[in-house]
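Every chain is numbered from 1, with letters handed out A, B, ... down the list of sequences.
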Amino acid sequence: MAYWLIKSEPSVYPFDQLVKDKKTCWDGVRNYAARIHLRAMKKGDEAFFYHSNEGMEIVGIAKIVKEAYQDPTTTDDAWVAVDVAPVRKLKNPVKHASIKAEPSLAQMALMRLSRLSVQPVTEVEWEKILKMAGEK
DNA sequence: GCCAACGTTGGC
DNA sequence: GCCAACGTTGGC
């Protein structure tokens, strides 16, 4: 099982909205690097849900419920979407600043490639962040 | 609101 | 195929 991180601006689609919706289509990705990751996602994989710009923190965990398919927001079959569902909110959201202050997480894609909207997370990073969130 | 980083576009 | 110009994202 793989781990991921997906970003959203809370003013556009906050985690609470995903909780309300029970499931959403993660579409509209128009970036080649992000697409590679979307296509690599498997059903059951889990992803951190990160709020960019406002909040700037990981607020919850989502899981992939449907693997990559043609993005419904375009007729161009070059682009794909996945379906995600909420797993749970984190007890304590993990701030961007906290991640930055943690040397073992300095190599995270979130730090190095801040503009990438869909990114992989290693198991080590995943566990570390869960601890910081008070989940373990 | 500013600006750095980065992806994309288009001229050559 | 290179690279300058431009647009967008996201941290500050």
With no hydrogens and no angle check, do the side chains of [X] and [Y] hold a donor and an acceptor under 3.5 Å apart?
{"X": "A/D77", "Y": "A/Q70", "value": "no"}
{"X": "A/Y13", "Y": "A/D21", "value": "yes"}
{"X": "A/R30", "Y": "A/T73", "value": "yes"}

If you round to the nearest 0.5 Å, how far is [atom2] of [Y] from [atom1] of [X]?
{"X": "A/Q107", "Y": "A/R112", "atom1": "CD", "atom2": "CZ", "value": "5.5 Å"}
{"X": "A/N92", "Y": "A/E57", "atom1": "CG", "atom2": "CD", "value": "10.0 Å"}
{"X": "A/I61", "Y": "A/F48", "atom1": "CD1", "atom2": "CZ", "value": "5.5 Å"}

(message) Tell me which pairs pass salt bridge (Lys or Arg N to Asp or Glu O under 4.0 Å) where either residue lies in residues 122-131 of chain A, with sequence neighbours left out.
(response) A/E102-A/K128, A/E127-A/K136
(request) At the 4.0 Å heavy-atom cut-off to chain A, mark where contacts on DNA chain C begin and end, going 5' to 3'. (result) C/dG7 to C/dC12
(message) Under the criterion salt bridge (Lys or Arg N to Asp or Glu O under 4.0 Å), I'd like the reasoning laid out for A/E67 against A/K43: C-alpha separation, chi angles, the key distance, then a yes or no.
(response) CA-CA 6 Å; A/E67 294 176 17; A/K43 198 172 169 178; over 6 Å; no
(request) Taking all non-hydrogen atoms of both residues into account, name the closest pair between A/M108 and A/L5 and its distance. (result) CE-CD1, 4.2 Å
(message) Near DNA chain B, counting only heavy atoms under 4.0 Å, which residues of residues 24-32 of chain A show up?
(response) A/N31, A/Y32
(request) Starting from the C-alpha separation in whole Å, work towards a yes-or-no answer on side-chain contact (heavy atoms from CB on, under 4.5 Å) for A/W26 and A/S117. (result) CA-CA 11 Å; A/W26 209 257; A/S117 58; over 6 Å; no
(request) Strictly below 4.0 Å, heavy-atom distances to any atom of DNA chain C: list the hits from residues 92-103 of chain A, or just say none. (result) A/H96, A/K100
(message) Rounding to 10°, can you tell me the angle the first-five-pair axis of the helix from B/dG1-C/dC12 to B/dC12-C/dG1 makes with its last-five-pair axis?
(response) 10°
(request) For A/R88, check salt bridge (charged side-chain N to carboxylate O under 4.0 Å, His left out) against everything at least two apart and list the hits. (result) A/E135
(request) Please lay out, stage by stage, how A/F49 and A/W4 fare under the test ring-ring contact (aromatic ring centres under 6.0 Å, His included). (result) CA-CA 9 Å; A/F49 196 106; A/W4 309 96; over 10 Å; no
